[in-house]
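Note sheet for the following structure.
Everything quoted here is computed from the prediction, not taken from an experiment.
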Amino acid sequence: MKNVIHHPAWLLLAAAASASCAANPTDNGSYGYKHIYVDNLASCKLPSTCGTQTNPYKNLREALSMVEPGSEVIVAGHAGTAYYNEDDGQPGATPFARQQFMQFPKLSKGGSAKATGSNQASTIVRAWKGTGMVRPVVRGTMKFGAWQSMAAQTGVSNLYALSWTVKGEGLGTPDAAHPGAYTFPVVGPQQLYRGGVALQQVGGFLYHKDSYDAETQYQWPARTATRLIGRIEPASGATPWLNLSDNQFYYAYDKAADVATLYVRLASPLAANETLEASVQQFLLQASNVNNLTVKDLVIERSNGSAYSSQNSAVMFNGNNIVVDGITVQDADAICVYLAGTKLTLKNSVLQRCGQMGLAASGSNQTVSNNTINYNNAKGFNEWWAGSGIKLIGNGALTSSTFDGNQVAYNYGHGIWLDTDPTMITIKNNIVAFNGDLGTGGIGVFIEISNSNTITSNQIFGNTNQGIQLKGTGNTVNSNLIAGNRATGIAQPDDARITASSGNTMKLNKFAWNDEVVNGSSNYRFAVQLAKGNTVNDNKYCGSGPFLSVGGVNAYDFATWRANGMDTSSLSSSKTVAYPYETNLTKPALLGNKMVGRSTQLIADAKSGALQTSIASYCGW
């Protein structure tokens with residue numbers, strides 16, 4: 001008989017835990033913090049004692065529930081393995097979508113004796129560092145299998161159905177029969193994925209189902225009810241699921257019976273045990289009333305916020321002295337990120353492909369710098385009400401804040417939008433390009449009833465509407481390149497909400513070929529259309545005109561413009577230079593067809609400075 005060596009149970013458990021995470025490099029964390037480690041390839045869960053480097057939490061939500069001020073949460077990232085609200089993303093027998101995923105109950109005011117407000121100890125949540133580690137991916141989806149093939153009974157190849165029973169916590173209503181309890185209705189998915197491929201939604205809603213009478217209606221609510229919007233493909237026929245094309249899905253909900261079925265048609269058959277991921281989660285990260293928090297190097301994706309209510313964000317920070325650095329928020333079905341509070345910083349991050357907006361914000365003394373905010377309003381909300389790259393709006397809106405060095409491009413609406421009341425905002429050194437392409441939206445920088453802001457040293461080009469629309473007073477627009485926008489370079493249209501857009505200063509700007517791309521040989525290709533009562537000096541104009549307008553009086557040459565009391569500085573100048581299509585250029589073109597084609601090369605040229613240099617050379621400045 002061989003000798004048997006008996007080890008204490010605690011030693012076996014420790015060895016197993018260590019082996020499960022043996023591939024992770026050493027990351028001892030920052031000095032002075034209590035360290036909490038998380039790894040979704042580990043096995044430790046509450047109520048066990050977890051969180052050390054050798055025995056990390058498996059569930060991210062559980063780990064964050066234990067975080068107090070002075071903690072550093074270190075999250076392991078593994079390629080191809082995301083974090084879900086529930087372990088491994090499995091829905092269980094009675095699937096339930098929690099309203100929040102990542103949250104900080106012990107950091108919020110009143111959540112802990114140590115949460116003492118602005119003087120509390122700082123907290124960090126970040127990616128595990130070291131060779132072989134990747135940024136952790138946090139998803140608002142669940143994995144659904146057991147799809148029923150409908151091909152035999154319908155004659156439609158690769159058509160599948162799933163009885164949909166997921167209930168949403170955020171839609172709960174008090175249960176009269178059980179005081180203190182809630183009833184939760186079924187919440188439909190707004191997004192469906194096969195691996196890394198997003199399937200196209202057919203029918204359904206931009207907002208949750210109770211906002212509408214008809215299942216396939218996808219209009220904006222009553223205030224613009226006649227305007228069809230959205231990139232949701234309209235459903236057709238009494239049984240729309242029979243008309244699906246490859247890689248499309250349809251959510252059929254019978255409100256009277258409260259029965260739902262999710263249909264999907266795929267380009268190829270499902271493999272045995274293959275799952276599809278459906279977005280179910282409202283908030284993927286919600287930090288409410290927190291102070292002194294830093295979040296770094298996470299990827300957060302695939303929320304389902306608009307199934308709960310309008311204008312939801314996947315990520316919401318509310319508090320004081322919060323730093324968000326190097327995160328990616330993508331494929332949220334409504335807003336990527338909402339910042340609220342004082343001294344918040346969002347930097348070095350990517351906000352992309354979100355359904356409605358990239359960024360919304362309110363509060364004061366915020367800094368948004370060096371971010372990439374691209375391809376938002378992907379679901380096609382009304383670009384004059386709610387679709388944009390960045391939008392700041394309304395009473396209590398953002399004040400005394402800076403947007404510096406961001407790329408805001410290819411959003412299906414306006415680029416940077418200050419809508420009613422944001423004040424003392426500095427917009428500088430940004431590239432604001434190629435926004436629009438849905439309808440009449442697509443203003444590069446939209447200052448709408450907003451005063452005392454500064455727009456300086458930006459490159460604003462290729463937008464499908466005006467470069468800048470400026471409605472308000474006391475705004476300064478200086479040292480910007482405003483080129484190749486499909487409407488006026490700077491415009492001040494009348495608005496019944498204000499008496500005049502006066503008292504603004506525009507100087508040292510360079511205007512080139514605005515309002516020329518779509519108007520062709522029109523006699524009305526305006527570089528600038530301004531109201532009276534503004535100060536305009538030291539600017540340069542280049543284009544087929546340049547045509548200018550002041551107080552409704554058109555000036556078809558620069559002498560008339562000066563005669564009307566505008567741009568009287570001796571440093572102001574104009575050049576009549578044809579729009580430079582590539583065939584007309586002797587040097588490698590940085591404009592022309594590339595501008596019309598919305599070329600990403602022009603973004604790179606703007607970053608390197610080559611775009612400004614090329615235009616200056618071509619215009620003879």
Side-chain angles (χ1 to χ4, degrees), residues 311-317 324 327-330 332 334-341 344-378 381-394 396-436 438 441-450 453-456 458-460 463-470 475 480 603:
Q311 301 191 35
N312 260 275
S313 58
V315 174
M316 173 180 283
F317 292 96
V324 186
I327 71 168
T328 293
V329 182
Q330 60 191 12
I335 301 170
C336 288
V337 175
Y338 188 94
L339 303 177
L344 275 67
T345 297
L346 174 69
K347 61 182 181 179
N348 307 320
S349 296
V350 176
L351 313 183
Q352 65 183 2
R353 301 193 305 268
C354 289
Q356 187 174 12
M357 299 176 218
L359 176 66
S362 61
S364 65
N365 298 105
Q366 296 184 13
T367 300
V368 177
S369 62
N370 300 316
N371 302 288
T372 298
I373 302 175
N374 285 359
Y375 300 104
N376 296 295
N377 197 23
F381 287 76
N382 187 328
E383 72 272 23
W384 288 101
W385 284 103
S388 57
I390 298 172
K391 185 176 184 185
L392 318 174
I393 185 170
L398 192 64
T399 64
S400 304
S401 297
T402 299
F403 293 77
D404 182 7
N406 303 285
Q407 175 183 310
V408 184
Y410 297 106
N411 297 286
Y412 302 109
H414 307 306
I416 301 176
W417 188 356
L418 277 56
D419 182 0
T420 315
D421 292 339
T423 58
M424 294 180 286
I425 305 296
T426 298
I427 301 171
K428 65 178 183 178
N429 303 319
N430 301 284
I431 295 171
V432 185
F434 301 131
N435 296 289
L438 250 184
I443 297 170
V445 177
F446 190 3
I447 309 300
E448 182 180 10
I449 322 301
S450 184
N453 304 292
T454 299
I455 307 162
T456 183
N458 302 282
Q459 298 181 72
I460 304 169
N463 299 287
T464 61
N465 204 299
Q466 298 142 354
I468 298 175
Q469 185 175 129
L470 188 64
N475 298 290
N480 301 282
I603 303 286

If you take all heavy atoms of [X] and [Y], which pair is closest and at what distance?
X      : Y      : answer
Gly444 : Ile460 : CA-CG2, 4.2 Å
Ser388 : Trp417 : CB-CE3, 4.0 Å
Ala332 : Ala314 : CB-CB, 3.6 Å
Ser313 : Val337 : CB-C, 4.3 Å
Val408 : Gly389 : CG1-CA, 4.4 Å

Would you call [X] and [Y] a side-chain contact if the rule is heavy atoms closer than 4.5 Å?
X      : Y      : value
Val368 : Asp404 : no
Asp421 : Ile449 : no
Leu392 : Asp419 : no
Ile425 : Leu398 : yes
Ile427 : Thr402 : no

Check whether any side-chain N or O of [X] sits under 3.5 Å from a backbone N or O of [Y] as a donor-acceptor pair, and report yes or no.
X      : Y      : result
Asn435 : Asn463 : no
His414 : Glu383 : yes
Asn377 : Gly413 : no
Asn430 : Phe403 : yes
Asn453 : Asn475 : no
Asn429 : Asn458 : no
Asn370 : Asn348 : no
Thr464 : Gly441 : yes
Ser401 : Asn365 : yes
Gln469 : Asn465 : no

So how far is it from [X] [atom1] to [Y] [atom2], rounded to the nearest 0.5 Å?
X      : Y      : atom1 : atom2 : answer
Ile468 : Phe446 : CD1   : CZ    : 12.5 Å
Ser400 : Gln366 : OG    : CD    : 10.5 Å
Asn371 : Leu359 : CG    : CG    : 8.0 Å
Met424 : Ser450 : CE    : OG    : 10.0 Å
Asn411 : Ile390 : CG    : CD1   : 8.5 Å
Gln352 : Gln330 : CD    : CD    : 5.0 Å

- Task: Please report the C-alpha distance between Ile447 and Ile455 in whole Å, then the side-chain angles of each, then the deciding distance to 0.1 Å, and finally whether the side-chain contact (heavy atoms from CB on, under 4.5 Å) criterion is met.
- Result: CA-CA 10 Å; Ile447 309 300; Ile455 307 162; 3.6 Å; yes

- Message: Out of the candidates Leu344, Leu346, Thr345, only one should pair with Phe317 under the side chain to side chain contact (heavy atoms under 4.5 Å, CB included) rule; please name it.
- Response: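 The side chain to side chain contact (heavy atoms under 4.5 Å, CB included) with Phe317 is passed solely by Leu344 among Leu344, Leu346, Thr345.
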
- Looking at Ile373, Asn376, Ile603, which hits side chain to side chain contact (heavy atoms under 4.5 Å, CB included) with Tyr410?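 Passing option: Ile603.
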
- Message: Side chains of Tyr338 and Ser362: any donor to acceptor distance under 3.5 Å?
- Response: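 A donor-acceptor contact under 3.5 Å links the two side chains.
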
- Task: Begin from the C-alpha positions of Lys347 and Thr367 and carry the test side-chain contact (heavy atoms from CB on, under 4.5 Å) through to its verdict.
- Result: CA-CA 8 Å; Lys347 61 182 181 179; Thr367 300; over 6 Å; no

